[in-house]
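A note on names: the letters A, B, ... follow the listed sequences, proteins ahead of strands, and every chain is numbered from 1. The shown structure was predicted, so the numbers you read here are calculated from the model rather than taken from an experiment.
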Amino acid sequence: MGKWLTKTIEPKSSPQTEDHLSIEDLARLAEGSTEDTERQHFFDHLNHCQRCYDILQETLSDMSAQSAIHDPLPPWWKTKAAVFALAASIVLTFVIGGQMVYKNWMQPPSVILATLNLDQQLKDILLEDNALRWENAARIKRLVAILQQRGLSVKQLNGVVLSAPYFQKKSMFGPEEVLHVRIEGGVAYLEVTEK
Amino acid sequence: MNDENIDPEKILSSGEILERLEAVCKRHFSNENDQNECYVFVLDSLKADNYKRLRAYQGRSKLNTYLYSLTNSLVIDFRRKRYGRRRIPASVAQLGKWAEAVYRLVCWQKFSFDDAYDFLRIDGLFEGPYDKFIKEIEPIRNAPCRENPTFQSLNDPGNRFIQNTNGTNFNPLESLVQKLDRKRRFNALEVIRETIKALSPEDQLLVRLVYGSEQPVSVAARVMGLSASAARRRLKGLLAKFREELLAKGIREP
């Protein structure tokens, strides 16, 4: 405790004994349970009475010491700071994660790359005709549906370009094939290779 | 709990309550004998006149708080009883009020003579220069002082200075005063005292509790019937006022 301030601003005089505040009023002051109407009188007295001021401030010290024993510091995860930190983390997660989700879910990525096993459904749509640039909207729409079934996040295509005409292999035990898909600018570029 | 529910004998047979009373005495005295005698004095006083002091409890506060206030009041009585009214040696008293003040500050309150000079100047008890003061305190230096290492008084800041040393409260006024040289410290303390006098009783008490007794702001706020944030705002305004007054007298942090 600072000696200079304590000495300089401590209450200076002590009123007559009969004028002292009652012990219970000092206890109520320490608890903060006094009424507005009586508080002013108490404050006036405490600013001039060393004894009452000392009893009050010693009572406050005892109460603080007692509460420190009975209410030791909670573990950090039970503190307000931890709750605020957790809340802030959640908010940040939603803010940052939300942006990522929005980017990934609401806005299609600019380029989609995928390699799919060339199953019968894909073979069928590739074998419909030999055109390298697909013009048939219904065919394109069906391709979109097939790609979606295989997990590609494509909503619609404006065009499809095949790297080379596709012909079914004659051998039943021929090598397995894969379809490389690259979707950019609403156009799907397809290429079939052996696995 | 109200007064009809009070059973003084039951209260004083509670181990928890007795421990609290003992803890109050331990906090006030560092010497074990003093602690024990204080505890016995408090218990005897509580039992006196058919538990008159405990029966005075009307249930308007919590019983524990009442017991703390009551015990602290009894500790003050015990201190007076044990050490009696201290008398200033005649050789000092004949020098005048200023000498008595020096004796009280140095012998009883354990301030240095240098500190005493500053306080005397603030109180207007000594007007001369420091050299003159040093010369005139010679008889006081030679006066008997029965103070001993365990001697304590409620007016003894040396005892109270050891409280609240956990560093949780920063005391900007004390910090400023400590950094100043003697002349400016004297001026600063005078400004602080005068500024406090001009404050409302509520603000005066808030400053005393927080910067004088270094109670936590939240505790002082509770006494004042304020929220902790309101008390902090008010203290901020008061510190600005102190700073303004100090700057007006040309006092700033070195």
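The number of heavy-atom neighbours closer than 6.0 Å to CZ of A:Arg142, taken from other residues, nucleotides and ligands shown, is above 12. For B:Lys62, the NZ atom is loosely surrounded, since the number of other residues' heavy atoms within 6.0 Å does not exceed 12. Annotation: B:Phe113, atom CZ; neighbour count of heavy atoms from other residues, nucleotides and ligands within 6.0 Å is above 12.
Counting only heavy atoms from C-beta outward, the side chains of B:Tyr57 and A:Ile23 never approach each other to under 4.5 Å. You'll find the side chain of A:Phe42 stays beyond 4.5 Å of the side chain of B:Leu205, heavy atoms only. Contact check for B:Ser213 versus A:Tyr53: side-chain heavy atoms found under the 4.5 Å cut-off. When side chains are defined from C-beta on, A:Gln66 does not count as touching B:Asn64, because their heavy atoms never get closer than 4.5 Å. Under the 4.5 Å side-chain criterion, counting only non-hydrogen atoms from C-beta, B:Asp77 is in contact with A:Arg51.
The nearest pair of heavy atoms linking A:Ile55 to B:Ser69 is CG2-O, 3.5 Å. Looking at every heavy atom in both residues, A:Ser64 comes nearest to B:Val219 through OG-CG2, 4.0 Å. Residues B:Asn72 and A:Asp62 come closest through the heavy atom pair ND2-OD2, 2.8 Å.
For chain A, the nearby part of B:Leu105 is the side chain; its heavy atoms alone come within less than 4.5 Å. Proximity to chain A is limited to the side chain of B:Ile192, based on heavy atoms less than 4.5 angstrom apart. Within the 4.5 angstrom heavy-atom criterion, no atom of B:Ala220 approaches chain A. Interface residue B:Arg185: only side-chain heavy atoms are found under 4.5 Å from chain A. With a threshold of 4.5 angstrom between heavy atoms, B:Val223 approaches chain A through its backbone and through its side chain.
For the pair A:Glu24 (side chain) and B:Ser61 (backbone), a donor-acceptor distance under 3.5 Å is present. For the pair B:Gln215 (side chain) and A:Gln57 (backbone), a donor-acceptor distance under 3.5 Å is present. Judged purely by atom type and a 3.5 angstrom limit, B:Gln204 has no side-chain atom pairing as donor or acceptor with the backbone of A:Asn47.
Ranked by heavy-atom pairs under 4.5 Å with chain B, the list A:Cys52, A:Ala27, A:Ala30 is led by A:Ala27. When each of B:Asp115, B:Thr71, B:Val207 is checked for heavy-atom pairs under 4.5 Å with chain A, B:Asp115 comes out on top.
Between the CZ atom in B:Arg222 and the OG1 atom in A:Thr34 there is a gap of 11.0 Å [rounded to 0.5 Å]. In this structure, NE2 on B:His28 lies 8.0 Å from OG on A:Ser61, to the nearest 0.5 angstrom. For the atom pair OG (A:Ser22) and CG (B:Leu70), the distance works out to 11.0 Å, reported to the nearest 0.5 Å. Annotation: the span from A:Asp54 atom CG to B:Arg79 atom CZ amounts to 9.0 Å, rounded to 0.5 Å.
Salt bridge annotation for A:Asp25-B:Arg60: present, with a cationic side-chain nitrogen under 4.0 angstrom from a carboxylate oxygen.
Under 3.5 Å, the side chains of B:Thr65 and A:Arg28 contain no donor-acceptor pair of N or O atoms. Looking only at atom types and distance, the side chain of B:Tyr68 has no donor-acceptor partner in the side chain of A:Glu58 under 3.5 Å away.
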